[in-house]
Amino acid sequence: MQPGTRRSRFYSWIIVLLLLVCLIDDTVATWKRREDKSKCPKVKGIRNFDISEFLGSWYIVQYYASSEEALAYRCMRAELSISPESTEVTMNFTYSFTDDPINEQLVGNITWKIPSHELPAHWVHAEYPYEGVYNTYVLDSDYSSWALLMHCAEQSKSPRYLSSFIMSREPNLGANVISYLREKLPKYDIDLEYMFSMDQNQCNKTETSEMDSLIPPSVMLRRNYALRKHPLKGKHRRA
């Protein structure tokens with residue numbers, strides 16, 4: 001065989017290999033684009049989770065919801081408790097809307113079942129009006145200072161709904177801790193661009209009836225909170 005022929009075959013094999021690499025890359029990219037956005041990602045809660053240490057009062061210092069491109073809430077705080085049988089976790093929380101000039105404090109709650117005592121950092125929505133699967137995971141916590149929660153809801157014929165809380169026992173949390181916790185979220189398809197800081201300043205309601213008389217009617221209409229979104233039950237937005 002002539003040297004020129006060997007070189008020609010060698011270059012032919014190189015071209016074939018390059019074409020195969022391109023084909024594989026295109027296949028992987030197509031698979032990623034076709035990821036099922038209606039299903040929750042696979043998540044593992046914190047190991048050796050001690051739920052008794054986790055209960056009590058928390059400030060929400062950063063908030064994400066896949067249905068929201070702007071932060072609608074402020075002064076969100078949560079109180080977690082567990083049922084006597086240790087089978088359900090309840091979060092009672094208070095919050096205000098950012099556009100409320102008198103900062104009226106609203107209340108809400110959500111209850112989860114603990115499906116397995118071997119996995120106490122995984123909870124499933126327990127309220128019957130919600131049709132679908134609503135998982136909550138404690139991703140990390142040191143119990144005394146900070147915690148990271150992630151929620152994922154599935155409903156038929158709808159994209160999944162993702163939300164996340166960075167929580168603190170105090171109104172503020174160090175920037176290094178926040179960065180550490182935020183870094184855990186992108187692998188679950190949470191877009192950090194839309195994870196917002198929650199204002200925890202001046203959270204007491206303005207106690208003056210005179211203020212109400214100065215509020216424009218359009219703002220008063222927006223204060224019909226029965227028509228507004230529950231922070232943990234937002235409308236879906238496609239990722």
- request: Tell me, please, whether W58 has R169 positioned over its six-membered ring: NZ or CZ under 6.0 Å from the ring centre and within 45 degrees of its axis?
  value: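 So R169 does make the cation-pi contact.
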
Between [X] and [Y], what is the shortest heavy-atom contact and its length?
X    : Y   : answer
S197 : L71 : O-CD2, 3.1 Å
Q202 : R74 : O-NH1, 3.4 Å
C152 : P41 : SG-CD, 3.9 Å

Let me confirm one number: the [atom1]-[atom2] distance from [X] to [Y], rounded to the nearest 0.5 Å.
X    : Y    : atom1 : atom2 : result
S141 : I51  : OG    : CD1   : 11.0 Å
D140 : L149 : CG    : CG    : 11.0 Å
T94  : Y73  : OG1   : OH    : 13.5 Å
Q200 : M76  : CD    : CE    : 9.0 Å

message: Using the ring centroid of each side chain, check whether F196 and Y64 are separated by less than 6.0 Å.
response: no

- request: For side chain to side chain contact (heavy atoms under 4.5 Å, CB included), just list the numbers for Y59 and N172, CA-CA rounded to whole Å, side-chain angles, deciding distance to a tenth of an Å, and then say yes or no.
  value: CA-CA 8 Å; Y59 294 86; N172 300 299; over 6 Å; no

query: Backbone N or O of C203 within a donor-acceptor pair of the Q105 side chain at under 3.5 Å?
result: yes

message: Is the ring pair H151/W112 parallel, tilted or perpendicular, if the boundaries are 30 and 60 degrees?
response: parallel

Side chain to side chain contact (heavy atoms under 4.5 Å, CB included) partners of S145, counting only residues at least two apart: D142

